[in-house]
Asker: 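Following this message is one structure expressed as structure tokens.
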There are 2 protein chains.
Amino acid sequence: MTAPRRSDATRAAILTAARERFAADGFERATIRAIAADARIDPSLVMRYYGSKEKLFTAVAEFDLRLPDLDGVPLEGYGAALVAHFLDRWAGDEKLLALLRSGVTHEAAAERMREIFAAQVGPIAARVAPDPASAATRAGLIATQILGFALCRFVLRLPPVVDLDREAAIAWLGPTVQRYLHDTI
Amino acid sequence: MTAPRRSDATRAAILTAARERFAADGFERATIRAIAADARIDPSLVMRYYGSKEKLFTAVAEFDLRLPDLDGVPLEGYGAALVAHFLDRWAGDEKLLALLRSGVTHEAAAERMREIFAAQVGPIAARVAPDPASAATRAGLIATQILGFALCRFVLRLPPVVDLDREAAIAWLGPTVQRYLHDTI
DNA sequence: CGCGAGTGTCAACGCTTGTTGGCATAGATT
DNA sequence: AATCTATGCCAACAAGCGTTGACACTCGCG
């Protein structure tokens, strides 16, 4: 029962601006001053409400994992379902982009990314993997493909990857993820 | 017939230090001062010999593409051969890591990365793709998997991906690349 | 009304950054 | 030996950074 504060709008504006800046520029190039300018407030307010740039980033990078619901999905459809889920998540939430852009040079962001993928993909792999001991490896492999796709599409903007539509992406990546989920080598 | 200069050793030391710093920290976090300290020279010398931080990075990012020799390889071995080639390239050349770490926030590095993958993977895909029109897409898909693997292994250091040995990596990624090369969806 | 907490503005701090110009020395050239 | 260029170091610059503290204003509550 946290009482609404008069500054809630300001706090939200800061968070929104921060999310956009971190997503567009990464942690180091995104400046407090630029974020404050976007939010049309004074830089010192950012410090007052979030303590430091580091903590502001932590606040931005905080979010629900929203595991996909795979209950009604047949086993052989997991790959496609996962790819579809991640595709939508990436397109709809700048926080993931912020995390990826920052994780490359900022250790805290990389750590957060590790946590997220361990917590998000790990359990699914554990549920499906033929050999439980291989679950972590399978989750890691899926991460390589999903993050690699996000990297090429949203960050590096490789033209052929940008041009793929949703269905084509699912059709191409789905079987890969499926194979990482239950094939053996 | 460029005459050897007395400062060649210094130039080389700068380039080596710059490569390491850019690979470890990315473009913005790598500072001229840190590079100069590593090379045990004065920061102003970096400017004298390379003009600017930007041009220094360009000099670091310049390198031969070294396309893999696939002449003796059977068609169905292309995927594995490509993965093996890239794995060795990534492990043996910090420039690629520098490019990846920088490309995420530095536009010039991203552009260079696009060029390299278009020039390196594109022709191979064009040679093998069942439909020539799909070659660019296939090259892009291969890039997503290769770069994603490099990202997770060398940059984000996801433990299960770091732990994979060379053969396991080839066994897992090879078929994926193979499928991107000639399967149809 | 008066008062205190909450909110916002302004100016400045200490530090680091890329970059520049001047000065001393070493080596080659004449 | 004298001269000139190349090389290296030093000190400084302007700009930008995260961060801080002091000061004004606006509420809501007594």
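Below, chains carry the letters A, B, ... as their sequence lines are ordered, and counting in each starts from 1. All values below come from the heavy atoms of this structure, side chains included, with hydrogens, waters and symmetry mates left out.
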Asker: Which is the 5'-most and which the 3'-most nucleotide of DNA chain C that has an atom under 4.0 Å from a heavy atom of chain B?
Answerer: C:dT17 to C:dG27
Asker: Round to the nearest Å and state the distance from A:Glu28 atom CD to D:dG18 atom P.
Answerer: 11 Å
Asker: Near DNA chain C, counting only heavy atoms under 4.0 Å, which residues of residues 99-108 of chain A show up?
Answerer: none
Asker: What side-chain hydrogen bond (donor to acceptor under 3.5 Å, both in side chains) pairs are there with at least one residue in residues 144-155 of chain B, not counting sequence neighbours?
Answerer: A:Thr144-B:Gln145, A:Gln145-B:Thr144, A:Tyr180-B:Gln145
Asker: Applying salt bridge (charged side-chain N to carboxylate O under 4.0 Å, His left out), name anything that partners A:Glu111, two or more places apart in sequence or on another chain.
Answerer: A:Arg114
Asker: Can you measure A:Ile14 atom CD1 to D:dT19 atom P for me and round it to whole angstrom units?
Answerer: 13 Å
Asker: What's the CZ-P distance between B:Arg33 and D:dC13, to the nearest Å?
Answerer: 14 Å
Asker: Only counting residues at least two apart or in another chain, list the ones meeting side chain to side chain contact (heavy atoms under 4.5 Å, CB included) with A:Pro123.
Answerer: none
Asker: Would a 4.5 Å heavy-atom cut-off, applied to side chains only, mark B:Met47 and B:Leu56 as touching?
Answerer: no
Asker: Quick check: on DNA chain C, is the nucleotide nearest B:Phe27 upstream (toward 5') of the one nearest B:Arg6, or the reverse? Name the residue that is more 5'.
Answerer: B:Phe27
Asker: Please, which pairs that meet ring-ring contact (aromatic ring centres under 6.0 Å, His included) have at least one residue in residues 121-166 of chain A, sequence neighbours excluded?
Answerer: none
Asker: Residues of residues 39-60 of chain A with any non-hydrogen atom less than 4.0 angstrom from an atom of DNA chain D: list those, numerically ordered, please.
Answerer: A:Ser44, A:Met47, A:Ser52, A:Lys53
Asker: Answer yes or no: is there a donor N or O on one side and an acceptor on the other, between the side chain of B:Arg11 and the main chain of B:Val46, under 3.5 Å?
Answerer: no
Asker: Name all pairs fulfilling the side-chain hydrogen bond (donor to acceptor under 3.5 Å, both in side chains) condition that reach into residues 24-34 of chain A, sequence neighbours left out, sorted by first residue then second.
Answerer: A:Glu28-A:Thr105
Asker: Who pairs with A:Ala126 by side chain to side chain contact (heavy atoms under 4.5 Å, CB included), at least two apart in sequence or on another chain?
Answerer: A:Ala135
Asker: Quick one: which residue pairs count as a salt bridge (charged side-chain N to carboxylate O under 4.0 Å, His left out) with a foot in residues 156-168 of chain A, not counting sequence neighbours?
Answerer: A:Asp88-A:Arg166
Asker: What contact category does A:Ala36 fall into here, base, sugar-phosphate, or nothing, at under 4.0 angstrom with non-hydrogen atoms?
Answerer: nothing
Asker: By the ring-ring contact (aromatic ring centres under 6.0 Å, His included) test, which pairs, at least two apart or in different chains, include something from residues 4-47 of chain B?
Answerer: B:Phe22-B:Phe27, B:Phe22-B:Phe57, B:Phe27-B:Phe57, B:Phe27-B:His106
Asker: For A:Thr31 and D:dC17, is the shortest distance between a side-chain N/O and OP1 or OP2 below 4.0 Å?
Answerer: yes
Asker: Sort and list the pairs that fulfil side-chain hydrogen bond (donor to acceptor under 3.5 Å, both in side chains) and have at least one residue in residues 67-80 of chain B, not counting sequence neighbours.
Answerer: B:Tyr78-B:Arg127
